[in-house]
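Remember, it's 1-based here, ligands and their atoms both numbered in the order they're listed. The figures that follow rest on heavy atoms only: side chains count, while hydrogens, waters and symmetry mates do not.
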Amino acid sequence: MRALLLLFAIPAFSASLDIYVVDVEGGNATLFVWPSHESLLIDTGNAGAAAARDAGRIEEAIQAAGLQQVDHLITTHWHGDHFGGMAELASKVPIREFIDHGPNVQPGEAADTFLKTTYPQLYAKAKHTVVKPGDKIAVAGGDVRVVTSAGQTIKTPLPGAGQANPYCANFKAGDNNAEDPQSVGVFISYGKFRTIHLGDLTKNKEFELMCPNNRIGTVDVLLGLHHGQASSNSEVLVDALRPRVAIMNNGTRKGGEPDVMKTLHSSPGLEDLWQLHFSVLSGQEYTVPGMFIANTIDDPQAAIPVAPVPAPPPGPGAPPAPVHNGKAYWIKVSAQQDGSFTVTNARNGFSKTYNAKR
Ligand SMILES: [Zn+2]
Ligand SMILES: [Zn+2]
């Protein structure tokens, strides 16, 4: 009898932090599920006609994880590819806490109307939290720390971090819009496993976060990457974090730009880049093997050209990006307390385990 009680007191060895990187076509939706079944969703995909599609794809991940609700929803910033599916998702799945950086700072009709009329109704029966750097998001069995929000970064290094960042000397400032630099960024650890998601944080804020001292330290998995766009992903961030794995939330013609691919592939310690999509902006020259890519397009090409295809000038005359409205697949990370983790491509079942580093 005594032995039996002891057995129940020992935590299950298979318990993992599971991360579902959901394909929302160059937007963001990343779901974290702890062994306690507590959950954190970062962003809800695209607005407009895409909202139902993206909310449906997120709901599929929620169901696969065996969840009845989302405990915490972080909206990194007020762009339509990050809050777009929120109302649709909230109509299907209860959301208990709505977390954001505060007011929209990039005036725009869609975001301003959403914040004035829809958002207050969604959080009226739940909790609404505006976070600042240094805040923790309380999760049973999880450690989630806000490292950026509303254009501010943590000033105090995370435990064990704070070393001088050698990449700062060569930093080149970048361009950005107003809302991307406002992104709520979180650092998440589970035992020895470490990961970070910075929303669409742009280069100049990466510099503020990482220079002159690296306040984060290293990570096992780098998430988000601003869809793999060149306005983010500076060496001061990517090289200093030394991710073993990066997972890019790109679209069919958004992200995967040659400059970003070069930065990632020359990052010291990177073992693999996984992508939600083939991107025509990469071409064969810069893309990763297909087994690391979760989604194709509805009308697949027979072959991808070797040279990257440059993005057309933006505007109403631009030809549409290749469409993917059909079945979508996520990339799943299962992380163990010892720091080891397994990444799985749901499209082809390809899976790779990264052993704990000593
Ligand atoms: Zn897709
Ligand atoms: Zn975005």
Side-chain angles (χ1 to χ4, degrees), residues 20-30 41-58 60-61 74-86 100-101 104-106 108 110-111 114 148 174-186 197-203 205-206 223-233 247-257 260 274-282 287 290 292-301 304 311 314 320-332 345-348:
Y20 298 79
V21 184
V22 177
D23 178 24
V24 287
E25 303 303 319
N28 184 58
T30 308
L41 175 64
I42 303 182
D43 294 330
T44 48
N46 286 284
R53 176 199 67 198
D54 288 359
R57 291 176 177 184
I58 298 165
E60 258 187 71
I74 292 175
T75 301
T76 56
H77 62 296
W78 301 118
H79 279 164
D81 56 331
H82 294 259
F83 73 84
M86 193 198 300
D100 58 68
H101 71 66
N104 178 32
V105 302
Q106 184 180 329
F114 176 84
T148 65
D175 291 332
N176 51 260
N177 55 44
E179 264 292 314
D180 285 339
Q182 302 282 309
S183 290
V184 174
V186 290
H197 193 305
L198 297 173
D200 286 357
L201 199 78
T202 40
K203 282 182 172 172
K205 292 295 168 191
E206 293 173 355
L223 294 167
L225 293 86
H226 191 184
H227 322 297
Q229 298 189 109
S231 53
S232 301
N233 302 298
I247 304 178
M248 184 186 285
N249 56 2
N250 65 303
T252 62
R253 199 180 64 195
K254 183 176 180 185
E257 293 162 26
V260 175
W274 297 67
Q275 296 183 204
L276 277 186
H277 255 284
F278 289 93
S279 171
V280 296
L281 303 186
S282 302
T287 200
F292 291 93
I293 302 178
N295 290 281
T296 59
I297 53 180
D298 291 342
D299 189 11
Q301 292 168 276
I304 300 173
V323 172
H324 178 222
N325 289 320
K327 168 95 179 129
Y329 300 92
W330 55 67
I331 292 172
K332 183 180 175 186
N345 179 344
R347 176 174 65 85
N348 54 20

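The OD2 atom of D23 and the NE2 atom of H277 subtend an angle of 110° at the Zn ion (ligand 1), given to the nearest 10 degrees. Vertex the Zn ion (ligand 1), arms ending at OE2 of E25 and ND1 of H324: the angle is 90° after rounding to 10 degrees. To the nearest 10 degrees, the angle centred on the Zn ion (ligand 2) between OD2 in D81 and NE2 in H227 reads 90°.
Side-chain N or O atoms of D54 include one that pairs as donor or acceptor with a backbone N or O of N46 at under 3.5 Å. Although no hydrogens or angles enter the test, the distance criterion places no donor-acceptor pair under 3.5 Å between the side chain of R57 and the main chain of V22.
For H324 and H277, the ring centers are positioned less than 6.0 Å apart. Between H227 and H82, the ring centre distance stays below 6.0 Å.
Its N, O or S atom nearest to the Zn ion (ligand 2) is what matters here, and for D200 that atom is OD2.
Here the closest non-hydrogen pair linking N345 and A294 is OD1-CA, 3.4 Å.
At least one N, O or S atom of H82 sits under 2.8 Å from the Zn ion (ligand 2).
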